[in-house]
Amino acid sequence: MELSPGLLEFITERHLAVLTTLRADGSLHSVPVGFTVIGDVVRVITFAPSVKARNARRGGRANITQIDGARWVTFEGPVRVRDDAETVAAAVAAYARRYRQPKERDDRVVIEIEVDRVMCNSGLK
């Protein structure tokens with residue numbers, strides 16, 4: 001995924017975003033989250049029984065949008081949940097660098113969006 005220097009800077013600043021997944025009935029479920037981007041993958045750490053994780057386990061698509069005034073970016077793509085120790089540890093470490101060290105959880109999982117579409121305001125292109 002090719003991102004402009006301005007967009008790369010924007011997604012490393014400390015901002016929350018809104019993750020949107022699909023409920024079983026097809027309606028939208030949107031929640032505020034922290035996220036990180038590694039390559040073409042957006043990662044959100046959460047706990048296994050959360051609604052967002054349950055929605056993501058069904059597959060389909062999801063998006064995440066970060067907004068700060070006139071600056072905004074949306075990453076969209078297929079979604080999945082990963083629970084292997086290596087992926088969880090890498091996602092927690094990336095989250096800690098961007099935000100803060102999260103509390104320990106035995107049921108930590110990672111929601112991943114394999115980004116195939118990026119939309120942003122013209123100033124970040």
Side-chain angles (χ1 to χ4, degrees):
M1 175 168 59
E2 294 284 327
L3 302 178
S4 72
L7 186 50
L8 285 169
E9 180 179 337
F10 182 50
I11 62 172
T12 60
E13 295 172 4
R14 193 177 190 283
H15 297 287
L16 292 179
V18 176
L19 172 68
T20 301
T21 56
L22 296 175
R23 294 183 181 101
D25 68 2
S27 64
L28 301 175
H29 177 257
S30 299
V31 292
V33 296
F35 75 100
T36 57
V37 179
I38 300 173
D40 292 348
V41 178
V42 168
R43 288 183 171 162
V44 174
I45 59 172
T46 189
F47 53 99
S50 70
V51 172
K52 58 187 166 282
R54 288 194 321 258
N55 291 344
R57 282 191 197 284
R58 283 192 295 277
R61 294 180 68 78
N63 71 41
I64 192 160
T65 300
Q66 176 175 295
I67 303 169
D68 180 45
R71 299 182 306 162
W72 62 272
V73 62
T74 298
F75 297 102
E76 181 181 311
V79 66
R80 67 181 173 197
V81 174
R82 305 267 309 263
D83 59 6
D84 61 281
E86 185 177 330
T87 300
V88 171
V92 167
Y95 180 93
R97 284 190 298 276
R98 183 169 183 197
Y99 297 101
R100 61 174 170 67
Q101 184 64 43
K103 294 178 185 175
E104 291 289 324
R105 289 198 68 121
D106 292 335
D107 60 352
R108 177 92 55 212
V109 297
V110 179
I111 296 172
E112 290 187 338
I113 300 172
E114 188 74 35
V115 178
D116 61 16
R117 184 173 186 191
V118 179
M119 299 167 283
C120 64
N121 66 293
S122 61
L124 291 176
K125 288 186 179 181

Please answer: with hydrophobic residues joined when any side-chain heavy atoms are less than 4.5 Å apart, are I64 and V41 in the same cluster?
no
Would one find more than 12 heavy atoms of other residues, nucleotides or ligands at under 6.0 Å from atom CD of E104?
no
Can you confirm whether R43 sits close enough to T87 that some side-chain heavy atom of one is under 4.5 Å from a side-chain heavy atom of the other?
yes
N/O donor-acceptor pair under 3.5 Å between D83 side chain and V109 backbone:
no
Take V31 and V51 through the side chain to side chain contact (heavy atoms under 4.5 Å, CB included) test and state the conclusion after the steps.
CA-CA 10 Å; V31 292; V51 172; over 6 Å; no
Cationic N near anionic O, under 4.0 Å, D25 to R23
no
Validation row: R61, D116 side chains within 4.5 angstrom (heavy atoms)
yes
Does some side-chain heavy atom of F75 sit less than 4.5 Å from a side-chain heavy atom of V37?
yes
Min side-chain heavy-atom separation L22-L28 under 4.5 Å
yes
Quick check on the hydrophobic clustering: are V110 and V33 connected, directly or via other members, by side-chain heavy-atom contacts under 4.5 Å?
yes
Is there a side-chain contact between N63 and I113 in this structure, where contact means two heavy atoms from C-beta onward sitting under 4.5 Å apart?
no
Could you pull out all residues at least two apart from Y99 that satisfy ring pair (Phe, Tyr, Trp, His ring centres under 6.0 Å)?
Y95
Expected output: side-chain T74 to main-chain M119 donor-acceptor under 3.5 Å:
no
State, to 0.1 Å, how close A94 and I38 come at their nearest heavy-atom pair, and which atoms those are.
CB-CD1, 4.3 Å
Correct closest heavy-atom pair for R54 and P49 would be NH1-O, 2.7 Å
Same cluster or not: V73 versus V18, using hydrophobic residues (I, L, V, M, F, W, Y) connected whenever any side-chain heavy atoms lie under 4.5 Å apart?
no
Any side-chain heavy-atom pair from M1 and R117 closer than 4.5 angstrom?
no
Find out whether I45 and R105 are in side-chain contact, i.e. whether some heavy atom of one side chain is under 4.5 Å from a heavy atom of the other.
no
E9/R71 ion pair, N-O < 4.0 Å
no
Quick one: closest heavy-atom pair of T46 and A53, and the distance?
CG2-CB, 4.0 Å
Any side-chain heavy-atom pair of L8 and T12 under 4.5 Å:
no
Could you go through the side chain to side chain contact (heavy atoms under 4.5 Å, CB included) check for L7 and K125 one step at a time?
CA-CA 7 Å; L7 186 50; K125 288 186 179 181; over 6 Å; no
Roughly how far, to the nearest 0.5 Å, is CD1 of I111 from CG of N55?
8.5 Å
What are the two closest heavy atoms between I67 and F10, and how far apart are they?
C-CZ, 4.3 Å
Grab the two heavy atoms, one from L16 and one from Q66, that are nearest each other, plus how far apart they are.
O-CG, 3.9 Å
Rounded distance (nearest 0.5 Å) linking atom CZ of R98 with atom CD of E13
8.0 Å
What is the distance from atom OG1 of T65 to atom CZ of F35, rounded to the nearest 0.5 Å?
9.0 Å
